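To keep things clear, I will list the structure first and then write my remarks on it.
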Amino acid sequence: MATTINKQRLLTHLFGTAKNSVELDGDTRPVLEQFIYGVCRENATREQADEAYRFLCEKFFDWNEIRVSSLRELEEAFDGMSDAELRSQRLIAFLQEVFEVQFSFDLDKLQKDGLKQAAKKLARYQAANDYVVSWAVQRSLGGHAIPVDPPTLRCARRLGLVENEQEDAEARASLEHLIPKAKGALFTDGISTIAGEYCWEEHPQCSSCPLAEECAYAQENGVEALVSSRAHRTKPR
Ligand code: SF4
């Protein structure tokens, strides 16, 4: 487990890496759209989520058309992603529930309820889970929340940012304590990029990972020496 100072150094490095690769261009989406994007984003890379969300926006006329579409039609949006059927079911169930209560597809009035109340109301939707509510809180409700999905948790554990024994909720609380609110979105996208490009479940690519020199897993597994020799290797003349 990394010390507090090491964790801060690691986070500074992660934020620096993330800044180079992440554009937080979707942060202006309204609450309903962020909830839907969260369903796409959980356990997926940013590219996969962007593609799925784009498919939904371009292939269907509006959210109502998605609400009345078949699972099969929706599954195409999540082609190649995990849990395509479950994501489709959640999306239809969410839009149905919103429609039955609001008769429209707009949840922005939640902004007036205050953060706690708004998060509580979002969590009541059948399609909601910790990740999606945290995503909406972070991206559209102006609160401090870190969405934690399996790739985030795997990478955070290996880096030593959270303990191996910590379950999702506890890990999320630790990360929320460690990461300033202003850096929440940067952390979320940065760690997701590292998880998608290097920190695979099997055979993590530590020798190419930009965080290897500060990573607990890489150090324990002797990757530090490899990385250091890579850094000091001189070009053959
Ligand atoms: S160094 Fe290896 S274990 Fe650590 S974050 Fe990078 S890929 Fe994952």
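In each ligand, atom 1 is the first atom listed, and ligand 1 is the first ligand listed. Predicted model only: the values in this text are computed from it and were never measured.
With a 4.0 Å cut-off on non-hydrogen atoms, Tyr217 touches ligand 1 through its side chain and not its backbone. Residue contacts with ligand 1 for Cys206 involve both N, CA, C or O and side-chain atoms from C-beta outward (heavy atoms, distance under 4.0 Å). Both the backbone and the side chain of Cys199 come within contact range of ligand 1, each with a heavy atom under 4.0 Å.
The nearest protein atom to atom 5 (S) of ligand 1, hydrogens excluded, is given as Leu159 CD2, 3.6 Å; this is a heavy-atom distance. Looking from atom 1 (S) of ligand 1 to the surrounding protein, the closest heavy atom is Ala212 CA, 3.6 Å. Summary of contacts: the protein heavy atom closest to atom 6 (Fe) of ligand 1 is Cys209 SG, 2.4 Å.
The only option from Val162, Leu161, Ile179 that meets the side chain to side chain contact (heavy atoms under 4.5 Å, CB included) definition with Lys7 turns out to be Leu161.
Using modelled atom types, no side-chain atom of Arg158 and backbone atom of Ala218 make a donor-acceptor pair closer than 3.5 Å. A donor-acceptor pair under 3.5 Å is formed between the side chain of Glu176 and the backbone N or O of Ile146.
Between Phe99 and Phe103, the ring planes lie perpendicular to each other; the angle is over 60°, past the 30° to 60° tilted range. Aromatic ring orientation, Tyr53 versus Trp63: tilted (interplanar angle from 30° to 60°).
The closest side-chain donor-acceptor pair between Trp200 and Gln205, if any, does not fall under 3.5 angstrom.
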Dump the intermediate steps for side chain to side chain donor-acceptor pair (under 3.5 Å) on Asp149 and Thr152, then the final yes or no.
CA-CA 5 Å; Asp149 60 357; Thr152 303; 2.6 Å; yes
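Against a heavy-atom cut-off of under 4.0 Å, Arg158 is close to the following atoms of ligand 1: 3 (S). The distance from ligand 1 to the heavy atoms of Ala218 drops below 4.0 Å at these ligand atoms: 1 (S). Of all the atoms in ligand 1, the ones that sit under 4.0 Å from a non-hydrogen atom of Tyr198 are 7 (S).
For Cys215, the nearest N, O or S atom to atom 4 (Fe) of ligand 1 falls under 2.8 Å.
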